[in-house]
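Written out below as structure tokens is the structure these notes cover.
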Number of protein chains: 2
Amino acid sequence: MVGTRKAATVHRGLDPDRIVDSALAVADADGLGAVTIRRLAQQHDVTPMALYRHFRDKEELLDAVADRLLGEIALPEPDGRPWHEQMRDLLAAFLAALRPHPNVAQLTLDRILTSVPGLMLAERTLTLLDIAGYAPDQAARIGRQVLCALVGMVSNEPGAGQHGDPEERDDALHAERATLAALPPRRFPRVAAAAEALTTTDRQDDYYRLGLDLAVAGLRGVAPRS
Amino acid sequence: MVGTRKAATVHRGLDPDRIVDSALAVADADGLGAVTIRRLAQQHDVTPMALYRHFRDKEELLDAVADRLLGEIALPEPDGRPWHEQMRDLLAAFLAALRPHPNVAQLTLDRILTSVPGLMLAERTLTLLDIAGYAPDQAARIGRQVLCALVGMVSNEPGAGQHGDPEERDDALHAERATLAALPPRRFPRVAAAAEALTTTDRQDDYYRLGLDLAVAGLRGVAPRS
DNA sequence: ACCTGAACACCGTTCAAGT
DNA sequence: ACCTGAACACCGTTCAAGT
């Protein structure tokens, strides 16, 4: 009642943040391909064109989704530990932000250098690589590779077939496992033996821990100063 | 004239291989999003529905495109050298097959375990990781990560914005470089300094050599036996 | 066997109006 | 300022025919 002018002009539910919420929910449930201007509009009981008041086009909407993910990165404070320990924590923070939304992770790659939180991640990465002894050019290239590898890790984590029902997804994984296990053991003995490991969604923490080990070990192995 | 029955029923130009050719050409020129049933049909002077004689749906067409790339892998023969040297050559062979088609590379990831050339790559990778001392489960996980990282490397190579004209692409890269260089040097000194390295398409061989170094060094660093 | 034609249920997006 | 409605140029795909 004693509403200020600002309160009087409050949106009834169609502001960019809530659209991004919906986009994330749709992508998590049905994949990035299901994120559609028309579908989001429908979820907000509004005409598709209403969204264009808030985003110039679909790409700008996806930018906002990526920004949301990048904004969730909880950057660890720099400290006095060896660079590779700090690097591990930094990369782990990036992973932690991406993991809840594997279907959306790939969007962040193109936006790392165009959003503030992404730039902060990049700056920290380059700083640690400098401490490791990398020349600036090398650091730029190798930093890109590592962040790229992490995003790929999340986008392609064993369960990420981006289907609808969790039941259907389990069935698909089970079928794939059976196909692999039935491979001719003369030609593909190791793939057949690894059928279980390649198709399980269990022990995801192991998967990610190993991925971090791999990335950090790579950086240490190539670094001028170890 | 003395045509066999087979020669008499030869296609006049609409066989799956030529459709895949077109799909690759379109993807290379205008990105994966431009690969459209209708556009491919048009290129072959045929109705969109004609393609459904050869592919059950669009996904099967993309499977064929991915198979084409995977089929280009020239697997090196196993020999007596240390596992990491053989691994490097194996990964380099995969990279060499992907590099000509960065816009398409990502398609291969989901198809590695469903195509014969992909399975051969996977089998070789697991074999070398076994020699390195990895337990089968670990080998499966880490092998996936590495192949994933390589695909990501190609998909996200500096020039890969998947635009049309090469001129337009250069302009986009130049603009991005300027934006990065103009970043507040107080907050993002290293990113600003790396603007050039992050946006150049020169020295791609360095980029890929470094990526291979990173991957192999990671595998060696994590391996039970080095 | 291979291709066509018309139709359906979707897209993103522009333009001109409405309040 | 914010939303609507109709329209346009695209999608993938089904179905029933044509030869």
Annotated structure of DNA chain C as dot-bracket, pair cut-off 3.5 Å, Watson-Crick or G-U only, | for inter-strand, is ||.|||||...|||||.||

Using a strict threshold of under 4.0 Å (side-chain N to carboxylate O), is an ion pair present between [Y] and [X]?
X	Y	result
B:D63	B:K58	no
B:R99	B:D205	yes
B:D137	A:R203	no

What is the distance, to the nearest angstrom, from the [atom1] atom on [X] to the [atom2] atom on [N]?
X	N	atom1	atom2	result
B:Q42	C:dT4	CD	P	13 Å
A:D30	C:dC10	CG	C1'	15 Å
A:H54	D:dT4	NE2	C1'	13 Å

Answer yes or no: is there a donor N or O on one side and an acceptor on the other, between the side chain of B:R111 and the main chain of B:L107, under 3.5 Å?
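Side chain of B:R111 to backbone of B:L107, a donor-acceptor pair under 3.5 Å: yes, one is there.
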
Nucleotide by nucleotide, nucleotides 11-16 of chain C touches protein heavy atoms under 4.0 Å in the pattern (B base, S sugar-phosphate only, - none) BBBBB-

Please report, to 0.1 Å, the donor-acceptor pairs under 3.5 Å made by any side chain of residues 194-202 of chain B, with sequence neighbours excluded.
| from | atom 1 | to | atom 2 | distance (Å) |
| --- | --- | --- | --- | --- |
| B:T199 | OG1 | B:R177 | NE | 2.7 |
| B:T199 | OG1 | B:A195 | O | 2.8 |
| B:T199 | OG1 | B:E196 | O | 3.4 |
| B:T200 | OG1 | B:D202 | N | 3.0 |

Can you name the side chain to side chain contact (heavy atoms under 4.5 Å, CB included) partners of A:S115, sequence neighbours left out?
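Side chain to side chain contact (heavy atoms under 4.5 Å, CB included) list for A:S115, sorted by chain: A:D67, A:L70, A:P117.
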
With B:D28, which residues qualify under side chain to side chain contact (heavy atoms under 4.5 Å, CB included), at least two apart?
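Listed in chain order: B:H101.
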
Please list, chain by chain and in numerical order, all residues satisfying salt bridge (Lys or Arg N to Asp or Glu O under 4.0 Å) with A:R38, sequence neighbours excluded.
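If we apply the salt bridge (Lys or Arg N to Asp or Glu O under 4.0 Å) test to A:R38, skipping adjacent residues, there are no hits.
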
